[in-house]
Every structure is written in structure tokens, then in C-alpha cells.
Amino acid sequence: MADYDVIVIGGGPGGYVCAIRCAQLGLKTACVEGRETLGGTCLNVGCIPSKALLHATHSLHEAEHNFATMGLKGKSPSVDWKQMLSYKDDVIGQNTKGIEFLFKKNKIDWLKGWGSIPAAGQVKVGDEVHNAKNIVIATGSEASSLPGVEIDEKVVVTSTGALELGKIPKKLVVIGAGVIGLEMGSVYARLGAEVTVVEFLDHITPGMDAEVARSFQKLLKKQGLDFILGAAVQKVDATKTKAKVTYKLRKDDSEATLEADTVLVATGRKPFTDGLGLDALGVEVLPRGQIKTDAHWATNVKGVYAIGDAIEGPMLAHKAEDEGMAVAEVIAGKHGHVNYDVIPGVIYTAPEVASVGKTEEQLKEEGRAYKVGKFSFMGNARAKAVFQGEGFVKLLADKDTDRILGAHIIGPAAGDLIHEVCVAMEFGASAQDLALTCHAHPTYSEAVREAALACGDGAIHA
Ligand code: FAD
Ligand code: NAI
């Protein structure tokens, strides 16, 4: 039996980052993880494997569509699916082993197994009970199911099954036009599958700036994804090799069906807290399953904290990581802080879509006076040279003070470009601050500067 200053339950981006920061701050730390490898959903069955498949299939798309134009002639590559999956698994392995190395380097004990909290100050793993002055719950989330839909992870799959299908489906039906549906839908569309996305709402990607969502949908349609919007899925009937999806159109209640080899259910995720013993411990849980925490990630039980997907807020790896670092600092007696107003969101399709801060719809709802600076990648030389002239940067700034309120980018490297705006927002910058900053030519980031110029006297290349 060992005594710890902190035991973190869960070794995902929230948990492992928290454990590392605790150790760096001089706290004796252990992390409990039940999976065979560290890294949680993100490294094992989420962010990392999906990005590997997105990269591989984007490369295929480039070879098929753009190589000949650049004078690179010859047969397009054929797809060796098994090899693509094995490349993806190698990428996962490199990353999860990296976390194991960091644990050793920082002298963090990995307690292997599933943890529970029999009492405040105690964590049970297998038959052993460990004492801990502080416990951080970072147990993440799992895919939520849909009534009338049984997941078998072979024909009817969540993202986990979609990352290791036995073969590339001819017809894929995706339920839910959110982040997972569109990323994985793009992967299989590029691999030649006929992809139909069925979405309950009348638009894709809820919460996204509506103008960006409309452009995004148009671009995805051009890439071959088909959309059925305003459709409530009623049930999925599956055999060992096929499935039939029945949905009802909300506008007229008419029912229709779709046949598929594979159905991906991507209708959101829910916190995973099974087996922790939260009920017996008396930890307050919100109606949608999230652990209730205060502004310092403390639950109502003294010495028990919670972070990441298991609590409220966007289910994003970097949000979990930031909370992991901040709660470690709180436990060490410092001032941990997360600025929830500046958490970027990125969809790693091609083009990428990225956003931070307020959408135009939110600003209208708040009755706020704002201005819009927009710049199309068509006016960006670098983007045009690499066949990525579609898309735009949209910057939202306060009408009177010029302070940046939000940014929405659809275009090349949007997921990287957004961080320039994040830093600007952290410093309370105005659009003019961005516009006055010299940006190297030719870079995609010039489009961000041009959008900032468009908030003032006008973009140059528009
Ligand atoms: P998790 O990563 O879920 O980790 C929790 C860990 O706790 C798990 O390993 C679990 O095994 C372990 N655990 C649970 N209960 C116990 C217990 N009782 N005892 C021991 N261990 C336990 N986010 C992004 O920001 N960018 C992306 O590109 C992105 N892509 C994604 C793609 C997919 C397909 C999916 C599904 C998610 C993606 N996400 C992405 C979301 C991201 O994975 C999560 O937001 C992030 O992993 C949350 O981190 P976490 O530490 O809170 O939980
Ligand atoms: P999501 O919340 O992004 O999208 C779910 C979609 O399903 C919504 O559009 C919703 O309206 C729709 N839906 C819900 N019920 C439905 C029904 N019965 N019929 C049809 N449509 C229905 O959830 P998703 O895509 O499953 O992703 C889960 C989480 O994982 C997200 O919160 C996201 O933050 C995270 N993630 C992040 C990624 C990134 O940052 N790039 C990549 C993948 C996942």
C-alpha cells in the first residue's frame, strides 16, 4: 500500500497531462488506467488514429486529383487497406509509448487496472487500496447509443469500429453530421465508398457559424458526401453483412430507408463514470451524466476533483489537457486557470474548419454590435498554388472597440491558423493589432491578416 499526494483515475489527455504536471510540481503521483496503453480515447481510438487515416486518404486524393496537373504523371496509388490500418496502429503505438516514457521520466506510478473510489482519500485498483490526499477523476467519455440501434462494432459501428473496419464499405451510412461523422465520412468517401450522412437538424455541425457550415456542406457535397437533413433515424436493422436504416423526415413525417454495408453511429458522446462508485461516495452528477464541479474542478466531496470529458464543456482533448494542468496547479496551491472563452475547435477534413470565440449567431442573440472582416482564400497566392483556394477567413470584432470576438476559418491549415487569433484574443487584441502585424509572404496566414484588414479600411487582395 503506497501513499500518494495525488491519484489520477484515467490516463487520457486530461489524466496523463494532470499526472505529469502534478509530478513536475513535486507531488507524489499515480495514474490509474484500465486500458492496455496510456493516452485514453484520444490516442487509442480518437484524435490520433482518425488523423492518421485522414492524412493517408488525403494523400490518395491529392494523387488522384492534383498530381497530373503538377506534371506528376503515372498510375494513382492503389489502396492496401491492411497496410493503411497498420500505419495507423504504428502511429498510435508511437504516441502511447511516448506517454509511458513521460510517466517514467516524471516518476509517475502507472497503477494498471480499473479504479474505484471506496471512500474519500482512497482508490481501489484490483484488490489493492491506495491512499491519496487528492483524487482527480479523468475517466473520459464513451459513444452514446440511439434507441432502436444496436451497435455490433462490425456492421453497425461507433467511431471505434469505424477505425478498424474489416474492409472498405461500398455504401456507408453515417448517422449524425457532427465532427466524427464528417471526419470519418470523408475518410471513406476518399476511399471510394458511397457516403450518405443522415442528420436530425436542418444543418450540419451544430454550434458552428452558420455561414461556415453552409460552405462546408457545399464543399463536402462536391467531394461526394450526400446529406439527408432534418431526418430522425427510427431504427437500424442489421444482418451480419448489411444494414437497413429507417428514418423519418421531420418536415412531413414521411418514412424512408437506406441500405448500407456499414452504419456509423456518430450522434455524440457521454461521460464515462461506470464502476467508480460515485453514488455511494455521494458525488453530485448532472442530469446528462457529467460530474458536477466548481470553478476549481472540485466536486462536492472534499479532495475529489474531476476534469475532461467527464465534466461539462466541449469534449476536446486540449480542453481536457488544460483542465489537467490547471487542477494540478490548484492542488499544489497555485492558481490554475482555463479561459473557456478561447478554446479552439477544429475539424480535420480537407479543407480544415476551425473556430474560436463567438459565432455571428451568438453575437446577434446577445444583441452585440459587431463587424465582420472576411477574406477568401481565392485571394491568397499560396492557397491557390496548392489547389486550396476555396474557403475563407471570417473575423468578428466589436463594432466600437475593434476587440476580436471570434474567428471562423474554412481553408488550408485552418487548424493551425486559428491559433494566431487565439493568442490575439488571450491578449485582448483588436483586429487592427492583427492587421498591423507583418505576416510572411506567401503564407496562408496572410488570409488572417487580410480578414483583419477587412475589419478596418479594407483587405488589399479582395
Ligand atoms: P479519455 O481520453 O476518454 O480518457 C479516459 C481514460 O480513462 C480512458 O483511457 C479510460 O480507459 C480510462 N478509464 C475510465 N474509467 C476508468 C477507471 N475506472 N479506472 C481506470 N481507468 C479508467 N478531440 C480533439 O480535441 N481533437 C480531435 O481531433 C479529436 N478527435 C476525436 C476523434 C474521435 C473518433 C473521438 C471518439 C474523439 C475525438 N476527440 C478529439 C475527443 C477527445 O478524444 C476527447 O475529448 C479526449 O480524449 C478527452 O480526454 P479525457 O482525458 O477526458 O478522456
Ligand atoms: P457531435 O455532437 O459533434 O455531433 C452529433 C451529431 O449527431 C449532431 O449533428 C446531432 O444533431 C446529430 N444527431 C443526434 N441525434 C441524432 C439522430 N437521432 N439522428 C440523426 N442525427 C442525430 O458528436 P460526434 O460527432 O459523435 O462527436 C463526439 C465528440 O467527439 C464531439 O463532442 C467532439 O467534440 C469530439 N470530437 C472532436 C473531434 C475534433 O476535435 N476534430 C473529432 C471527433 C470527435
Side-chain angles (χ1 to χ4, degrees), residues 8-18 31-51 53-54 96 111-117 123-125 137-144 146-149 158-160 162-163 174-185 197-208 213 228-234 245 247-248 250 264-277 306-311 313-321 323-324 343-349 352-354 415:
V8 184
I9 308 180
Y16 83 71
V17 167
C18 177
C31 179
V32 191
E33 174 54 62
R35 269 178 215 272
E36 303 225 326
T37 46
L38 295 168
T41 303
C42 180
L43 271 62
N44 289 284
V45 289
C47 327
I48 299 305
S50 58
K51 265 80 256 179
L53 293 184
L54 279 158
T96 55
L111 306 175
K112 295 185 183 180
W114 299 98
S116 60
I117 313 173
V123 173
K124 190 169 178 213
V125 186
I137 301 172
T139 48
S141 63
E142 59 178 348
S144 36
L146 217 53
V149 182
T158 65
S159 52
T160 301
L163 289 166
V174 176
I175 308 177
V179 200
I180 291 180
L182 300 181
E183 286 189 353
M184 294 312 296
V197 184
V198 184
E199 165 61 46
F200 182 80
L201 300 173
D202 295 324
H203 55 88
I204 67 167
T205 50
M208 184 183 278
I228 301 174
L229 302 181
V233 169
Q234 306 296 302
V245 179
Y247 64 89
K248 218 178 219 183
R250 285 164 57 217
L264 165 60
V265 183
T267 51
R269 294 176 63 82
K270 59 179 183 199
F272 179 77
T273 52
D274 294 0
L276 284 174
I307 56 168
D309 280 11
I311 68 168
M315 288 181 157
L316 296 171
H318 41 286
K319 178 259 193 190
E321 291 183 18
E323 288 174 344
I343 294 189
V346 180
I347 308 184
Y348 298 84
T349 44
E352 290 182 351
V353 186

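Indexing begins at 1, ligand by ligand and atom by atom, following the structure's order. Treat the numbers as computed from the prediction; the structure is a model and nothing was measured.
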Heavy-atom distance under 4.5 Å between the side chains of Ile311 and Lys319, does that happen here? yes
Where is the nearest protein heavy atom to atom 30 (O) of ligand 2: which residue, which atom, and how far? Arg269 CD, 3.8 Å
Gap separating the CD atom of Glu321 from the CG atom of Leu316, nearest 0.5 angstrom: 10.5 Å
Nearest-contact summary for atom 5 (C) of ligand 2 - protein heavy atom, Å: Ala266 O, 3.4 Å
Heavy-atom nearest neighbour of atom 21 (N) of ligand 2 within options Tyr348, Phe200, Tyr247: Phe200
Per-atom contacts of ligand 2 with Val198, taking only distances under 4.0 Å to non-hydrogen atoms: 20 (C), 21 (N)
Heavy-atom nearest option to atom 10 (C) of ligand 2, drawn from Met315, Glu183, Glu199: Glu199
Counting only heavy atoms closer than 4.0 Å, does ligand 2 sit against the backbone of Leu146, its side chain, both, or neither? side chain
Arg250 side chain vs Phe200 backbone, donor-acceptor pair below 3.5 Å: yes
Does a side-chain heavy-atom distance below 4.5 Å link Glu183 with Leu53? no
Classify the contact between Thr267 and ligand 2 as side chain, backbone, both or neither, using a heavy-atom distance cut-off of under 4.0 Å. both
How far is atom 44 (C) of ligand 2 from its nearest protein heavy atom, and which residue and atom name does that atom have? Ile180 CG1, 3.3 Å
Are any of the heavy atoms in Pro206 under 4.0 Å away from ligand 2? yes
Heavy-atom nearest pair, Met184 first then Ser50, reads SD-CB, 4.1 Å
For the atom pair CD (Glu142) and CZ (Arg269), what is the distance rounded to the nearest 0.5 Å? 8.0 Å
Hey, is Ile175 touching ligand 2 through its side chain, its backbone, both or neither, going by heavy atoms under 4.0 Å? side chain
Contact residues of ligand 1 with a heavy-atom cut-off of under 4.0 Å? Ile9, Gly10, Gly11, Gly12, Pro13, Gly14, Gly15, Val32, Glu33, Gly34, Arg35, Gly40, Thr41, Cys42, Val45, Gly46, Cys47, Ser50, Lys51, Gly113, Trp114, Gly115, Ala138, Thr139, Gly140, Ser141, Ser159, Ile180, Arg269, Phe272, Leu276, Gly308, Asp309, Met315, Leu316, Ala317, His318, Ala320, Tyr348
Heavy-atom closest contact (Val32 atom, Trp114 atom, distance): CG1-C, 4.3 Å
State the CZ-CG distance between Arg35 and Asn44, to the nearest 0.5 angstrom. 5.0 Å
Heavy-atom proximity to atom 23 (O) of ligand 2 ranks first, among Gly268, Ala232, Ala177, for Gly268
Work out which heavy atom in Gly176 is nearest to a heavy atom in Val197; give both atom names and the distance. O-CG1, 3.9 Å
Taking N or O atoms only and a 3.5 Å limit, does Val346 qualify as a polar contact for ligand 2? yes
With a 4.5 Å limit on heavy-atom distance, are the side chains of Leu38 and Leu43 in contact? no
Nearest-contact summary for atom 1 (P) of ligand 2 - protein heavy atom, Å: Gly178 CA, 4.1 Å
Protein heavy-atom partner closest to atom 38 (C) of ligand 2 - residue, atom, separation in Å: Val179 CG1, 3.2 Å
When rounded to the nearest 0.5 Å, the distance separating OG1 of Thr267 from CG of Leu146 is 4.5 Å
So, is Leu201 polar-close to ligand 2, with some N/O to N/O distance under 3.5 Å? no
So which protein heavy atom does atom 7 (O) of ligand 2 come closest to, and at what separation? Gly176 CA, 3.3 Å
How far does CG of Leu264 sit from CD1 of Ile180, to the nearest 0.5 angstrom? 7.5 Å
With rounding to the nearest 0.5 angstrom, report the OG1 to CD1 distance, Thr273 to Ile137. 8.0 Å
Determine whether Ile9 and Ile117 make a side-chain contact, defined as any pair of heavy atoms from C-beta on separated by less than 4.5 Å. yes
